[in-house]
Amino acid sequence: MSDTSRAPYDPSAHEAHWQSAWEAAGSFVADESDTSRPKYYVLEMFPYPSGRIHMGHVRNYAMGDVVARFKKAQGHNVLHPMGWDAFGMPAENAAMEKNTHPAKWTYENIDTMRGQLKKLGLSIDWGREFATCDPSYYGHEQAMFLDFVEAGLVDRRESIVNWDPVDQTVLANEQVIDGKGWRSGAPVEQKNLTQWFLRISDYAEELLGALDGLDRWPEKVRLMQANWIGRSEGLACRFDLTRPVYDFDALEVYTTRPDTLYGASFCAISPDHPLAIRLAEDHPALAAFRADCAKRGTSEADIEAGEKLGFDTGLSVHHPLDKDWHLPVYVANFVLMGYGTGAIFACPAHDQRDLDFALKYALPVKTVVRPKDTADFNVTDTAYTGDGVMVNSPTLDGLTPKAARAKMIDRFEAEGRGQKRVNFRLRDWGISRQRYWGCPIPIILCDACGAVPVPRDQLPVMLPDDVSFERPGNPLAHHPTWKHTKCPTCGGDATRETDTFDTFIDSSWYFARFAGLNESAPTDRAAVDYWLPVDQYIGGIEHAILHLLYARFYTRAMHKTDHLSVEEPFAGLFTQGMVCHETYRHAGGWLSPDEIIRNTDGAVLAANGTSPVEVGAVEKMSKSKKNIVDPDDIIARYGADTARWFMLSDSPPERDVQWTQDGIEGAWRFVQKVWRLFDGRDDEAFVDRLDAPDDDGARALYGQVQTAIDAVTRDLEALGFNRAVARLYELVNALGAFKPVDRAGAQCRAYALAQLMKLLSPMMPHLAEAGWRALGGDGLVADAAWPQADLSILSSDEVILPVQVNGKKRGEISVPKDADEAIIKELALNEAGVKKFIDGQELKKTIIVPGRIVNLVVK
RNA sequence: GCCCUUGUGGCGGAAUUGGUAGACGCGACGGAUUCAAAAUCCGUUUCCUUCACGGGAGUGGCGGUUCGAGUCCGCCCAAGGGCACCA
């Protein structure tokens with residue numbers, strides 16, 4: 001063995017080399033015409049081109065890359081594409097702040113970020129890259145929208161939006177801060193605009209029911225979607241007004257608790273209910289109340305947790321089951337117009353919101369459900385919402401609430417005074433955005449003909465380049481010529497729709513476009529039929545509801561319009577956690593990690609001075625807190641493999657991970673440790689297959705290799721990257737400790753190293769290639785097959801069984817694998833440590849779990 | 001307010017799903033190597049008790065089921081997430 005200690009591993013000398021080698025070999029080019037292998041589609045949520053990649057991207061794409069490389073090694077035909085979710089507000093904000101064009105800003109960012117991603121060594125088929133702001137993408141999106149219009153999937157109607165009167169723009173909820181526009185500071189108005197909607201609510205039942213089939217989705221995401229869809233069953237019925245006002249003679253009420261009708265106390269309508277609006281015209285006090293409600297938050301959390309406020313209209317309604325029972329009608333801030341009918345009857349005893357309201361306005365509280373096994377029960381300050389027995393309710397007493405609900409619905413239906421109704425919380429998807437940097441809605445508005453689709457041969461409707469962001473409002477609407485056109489139907493003067501699509505539309509079908517870049521249609525049918533559904537989709541939990549639900553709906557819409565044949569886009573979903581970092585703060589504000597110094601005594605100081613720094617909470621990396629580590633800096637210093645390895649180690653992938661300097665240094669040391677395994681072993685030939693050696697030491701190493709292959713395979717199968725990392729540490733430690741004493745030992749070591757490189761390759765692809773080359777392996781390890789574990793060697797003839805006395809471990813015995821229970825019992829009773837604890841006591845029971853454990857129960 | 005998730009050493013976390021709690025990594029401590037340092041290598045490291053052998057306790061808290069509970073059940077506490085135009 002020659003003494004050929006190598007230089008430390010220098011990633012910059014290797015990584016670019018292997019990246020070009022993969023590219024030259026076409027290792028990651030997906031080929032849908034290859035039917036010899038099962039397909040596997042791995043997709044990570046494509047990034048918004050915000051400027052530079054961040055550690056969250058590194059983590060997300062490292063995980064996806066491990067899956068892609070692992071599946072390829074296992075013999076799958078893998079599709080692993082990448083593109084850009086390139087439309088959206090940040091580009092317009094940049095245009096306003098930096099006086100640059102959104103397209104220029106976006107495409108420059110894409111160039112930067114593509115370069116950064118390539119440096120990570122991801123196994124991506126870059127030949128399929130596109131950005132959603134490419135006309136070649138959004139043109140197809142427009143065509144598909146027209147298909148949706150023809151298929152009856154689209155509506156145009158009025159809807160209320162948050163309107164910033166100064167910026168002349170619609171605001172997202174998150175842009176409304178304390179009722180004011182985030183940029184202008186002007187009080188936000190509620191404005192009615194005519195907008196386009198996709199009829200996702202038609203699919204509510206279907207989208208809910210199909211969740212059950214998504215068995216490779218996190219339970220949490222399925223639950224969030226189910227709650228979002230919010231299916232409920234209830235009764236829709238009329239409460240007649242005791243005296244009609246204007247043209248209202250009744251309230252249409254929806255309730256999920258018809259069983260509690262005899263506990264009714266009052267009725268309440270939403271501040272946005274037509275009756276409330278009409279009444280407010282004649283009653284200034286009510287108008288003021290409505291204005292007050294509009295200023296408060298509209299989110300469910302705001303409403304539920306906030307103070308319940310009401311306005312007594314002075315009107316009353318007949319109780320539907322008792323003409324002489326009159327209930328007062330309030331306008332109440334906790335009743336939502338967008339849900340049900342915007343009018344409720346309230347049973348305070350069995351709904352906390354109603355109870356809060358009733359106590360505040362001194363309205364009656366009548367208990368109609370009592371818990372089982374309680375005789376005397378009356379609600380005072382906590383509503384009772386549990387199961388139980390009906391009381392104080394003629395015809396219902398003694399029934400369960402569930403049975404009472406059914407009985408009431410039957411009765412109302414039989415008497416023709418109401419119907420059972422299934423209601424959903426899910427509302428139609430408003431897709432109009434009054435913004436420039438999005439896909440233009442391909443519609444022409446004509447005074448004579450209404451909304452007319454742009455003729456197909458005029459697609460795509462391109463965004464104009466020459467726009468100005470100096471005036472507030474939508475640049476498309478201000479453009480001197482863009483919107484003026486002729487009506488395709490009547491030929492008269494008409495204007496284009498100046499709204500653009502919600503960018504969630506762009507991300508609702510990009511996975512289908514990746515399957516094949518068809519120039520003449522949105523999808524390449526053969527390609528989408530082959531590749532879809534996505535086998536493993538990976539992204540942030542923040543997309544649990546909207547993006548994933550919209551994509552599920554959109555896939556169904558594409559199915560209906562014959563653009564693809566699946567209904568569910570993502571067969572497997574994984575949501576990874578965030579990358580967090582400590583925060584640092586001193587007198588001058590937040591400091592970034594490279595602006596601080598840690599003294600040997602642990603004190604933290606600002607780098608350019610001695611001012612003490614307060615170490616704050618570990619939080620998601622964000623620009624505002626400056627707790628960011630730039631992937632480029634890390635790659636330059638440690639290389640992509642080290643960065644990837646650290647992002648995969650330590651924390652379970654679904655949980656948040658904390659970035660630490662110690663952690664990245666640990667990963668770096670591991671890289672070097674693996675590289676040192678190759679020191680002084682350049683004489684031995686490449687060994688990829690080996691029978692179990694006879695020599696004890698080599699045999700043990702061989703066994704450890706098999707254990708590692710088996711464990712890493714199962715860990716990667718289950719996306720347990722952190723566990724796979726731990727297994728590889730063990731194998732490397734074993735290899736480091738192994739000193740071959742003869743030729744057979746050296747061969748076993750060469751064999752172990754080759755298997756290690758294959759196991760390491762999905763996570764540290766560059767180092768694995770360098771090691772594979774050092775071993776003299778054929779071709780690229782990226783193209784090598786995944787190893788198969790030979791587990792037969794691990795089954796030894798003797799097993800070690802722990803022995804418990806009364807459930808506490810007191811010793812161990814080594815027994816033949818197929819020993820019968822009498823022998824095991826005999827050995828266990830005589831084990832020295834065990835004996836002490838059973839001496840002089842009566843053995844009451846012996847539990848022997850074969851191959852697992854022995855438990856002796858004494859008295 | 002409603003719905004959900006998570007609580008294991010100094011830290012990140014393992015634990016074949018009811019069977020030896022603390023794998024693996026980080027940190028810390030001790031040692032080897034070195035003129036010295038870095039790097040590397042070898043140990044120790046849940047807590048309490050004991051000179052030691054050993055013993056006791058222990059997976060947020062309190063109960064329960066079981067021969068056996070981190071794992072299952074009930075109640076409680078704490079932290080985090082979601083609850084309709086950010087992507």
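Below, read A as the first sequence line, B as the second, and so on, with proteins coming before strands; counting in each chain starts at 1.
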Atom pair distance, as rounded to whole Å: [atom1] in [X] and [atom2] in [N]:
| X | N | atom1 | atom2 | result |
| --- | --- | --- | --- | --- |
| Lys844(A) | G68(B) | NZ | P | 11 Å |
| Arg222(A) | G81(B) | CZ | P | 24 Å |
| Ile229(A) | G82(B) | CD1 | C1' | 15 Å |
| Asp351(A) | G1(B) | CG | P | 14 Å |
| Asn227(A) | U5(B) | CG | P | 11 Å |
| Glu654(A) | U6(B) | CD | P | 10 Å |

Assign [X] to base, sugar-phosphate, or nothing according to its heavy-atom contacts below 4.0 angstrom with the strands shown.
| X | answer |
| --- | --- |
| Ile545(A) | sugar-phosphate |
| Phe837(A) | sugar-phosphate |
| Phe670(A) | nothing |
| Ser649(A) | nothing |
| Asn733(A) | sugar-phosphate |
| Glu730(A) | sugar-phosphate |
| Asp662(A) | sugar-phosphate |
| Arg669(A) | sugar-phosphate |
| Lys808(A) | sugar-phosphate |

Between Lys845(A) and Ile853(A), which residue's closest nucleotide on RNA chain B lies nearer the 5′ terminus?
Ile853(A)

Taking for each residue the nucleotide of RNA chain B with the nearest heavy atom, is it Gly807(A) or Pro90(A) whose nucleotide lies nearer the 5' end?
Gly807(A)

Compute the centroid of each ring, for [X] and then for [Y], and state whether the two points are separated by less than 6.0 Å.
| X | Y | value |
| --- | --- | --- |
| Trp675(A) | Phe670(A) | no |
| Trp429(A) | Phe197(A) | no |
| Phe87(A) | Tyr138(A) | yes |

For [N], give the paired nucleotide (Watson-Crick: N1-N3 plus N6-O4 or O6-N4; G-U: N1-O2 and O6-N3; both under 3.5 Å), or none.
| N | result |
| --- | --- |
| A37(B) | none |
| G43(B) | C29(B) |
| A78(B) | U6(B) |

Just N and O in the side chain of Thr503(A): are any of them under 4.0 Å from OP1 or OP2 of A87(B)?
yes

Can you tell me if the side-chain N/O atoms of Arg655(A) get under 4.0 Å from OP1 or OP2 in A79(B)?
no

Cation-pi check, Arg810(A) to Phe837(A): give yes when NZ or CZ is under 6.0 Å from the six-membered ring centre and within 45° of the ring axis, no otherwise.
yes

Look at the side chain of Arg852(A) and decide which nucleotide, out of A87(B), G19(B), U40(B), has an atom nearest to it.
G19(B)

Say you pick atom [atom1] in [N] and the same atom in [M]; how far apart are they, in whole Å?
| N | M | atom1 | result |
| --- | --- | --- | --- |
| C11(B) | U45(B) | C1' | 13 Å |
| U16(B) | A23(B) | P | 15 Å |
| G70(B) | A15(B) | C1' | 9 Å |
| G58(B) | G9(B) | C1' | 10 Å |

More than 12 heavy atoms of other groups within 6.0 Å of Arg257(A) CZ:
yes

Considering residues, nucleotides and ligands other than Lys844(A), do more than 12 of their heavy atoms fall under 6.0 Å from its NZ?
no

With the 90 degree cut-off around zero defining syn, does G9(B) come out syn or anti?
syn

